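As structure tokens, the structure follows; a few thoughts come after it.
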Amino acid sequence: MSNSEQRISTETALQLLTKQERRQILRHVAEASDGTTVDKLTQHLRGLDSLQPDGNGPTRSWDSDLHHLHLPKLQEANVLEYDTNRGTVHRSREFQTVFSLLEVIDDHRKDTWLANS
């Protein structure tokens with residue numbers, strides 16, 4: 001099997017999910033069946049920041065973080081297709097694998113929270 005045909009490892013999937021920003025990107029892309037744009041992702045992430053108690057979120061440079069860090073990392077792992085020329089983001093081959101893992105983690109956190117309430 002060539003590198004381009006290898007499936008994503010559990011370790012890689014978990015590493016991708018360590019950053020809250022990437023988890024939010026995946027959730028947003030999951031809601032957009034036909035993909036999304038970097039501009040819409042930026043607006044979504046800025047909106048989430050405005051809900052933070054410190055109120056300092058909107059000053060964060062989401063454009064730079066998305067373009068240079070999060071989207072390239074997700075593209076390299078074949079989770080997202082990121083077209084830098086068009087500014088579009090679509091699901092790629094490994095999207096469902098990583099998103100399913102995120103859903104399991106989210107469900108576990110909810111179950112744990114309910115059990116401790």
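Each residue takes its place number in the sequence, starting with 1. Predicted model only: the values in this text are computed from it and were never measured.
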* Heavy atoms, side chains only, cut-off 4.5 Å: are Leu80 and Ile25 in contact? ->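 In contact.
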To the nearest 0.5 Å, what is the distance between [atom1] on [X] and [atom2] on [Y]?
{"X": "Glu21", "Y": "Leu45", "atom1": "CD", "atom2": "CG", "result": "7.5 Å"}
{"X": "Thr18", "Y": "Arg23", "atom1": "OG1", "atom2": "CZ", "result": "7.5 Å"}
{"X": "Glu103", "Y": "Leu26", "atom1": "CD", "atom2": "CG", "result": "10.5 Å"}
{"X": "Arg93", "Y": "Arg7", "atom1": "CZ", "atom2": "CZ", "result": "5.5 Å"}
{"X": "Thr42", "Y": "His28", "atom1": "OG1", "atom2": "NE2", "result": "9.5 Å"}
{"X": "Asp83", "Y": "Leu71", "atom1": "CG", "atom2": "CG", "result": "11.5 Å"}

* For the residue pair Tyr82 and His90, confirm or rule out a side-chain donor-acceptor distance under 3.5 Å. =>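 No, His90 and Tyr82 have no side-chain donor paired with an acceptor closer than 3.5 Å.
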Would you name the heavy atoms of [X] and [Y] that are closest together and state the gap between them?
{"X": "Leu66", "Y": "Pro72", "answer": "O-CD, 3.4 Å"}
{"X": "Val79", "Y": "Phe95", "answer": "O-CB, 3.3 Å"}
{"X": "Arg22", "Y": "Gln15", "answer": "NH2-O, 3.6 Å"}
{"X": "Asn78", "Y": "Ser92", "answer": "O-CB, 3.2 Å"}

* Do the side chains of Leu14 and Phe99 join up, straight or via other hydrophobic residues, at under 4.5 Å, putting them in one cluster? ->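 Linked within one cluster.
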* Asked: Do the side chains of Val29 and Ile105 join up, straight or via other hydrophobic residues, at under 4.5 Å, putting them in one cluster?
  ->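 Cluster IDs for Val29 and Ile105 match.
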* Flag, side chain of Thr36 to backbone of Ala32, donor-acceptor distance under 3.5 Å ->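 Not a single qualifying donor-acceptor pair exists.
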* Asked: Are any of the side-chain nitrogens in Glu81 or Arg91 under 4.0 Å away from the carboxylate oxygens of its partner?
  ->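 No salt bridge links Glu81 with Arg91.
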* Asked: Take atom CD in Glu76; do more than 12 heavy atoms of anything else shown fall under 6.0 Å from it?
  ->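 Atom CD in Glu76 is not packed in, count stays at 12 or less.
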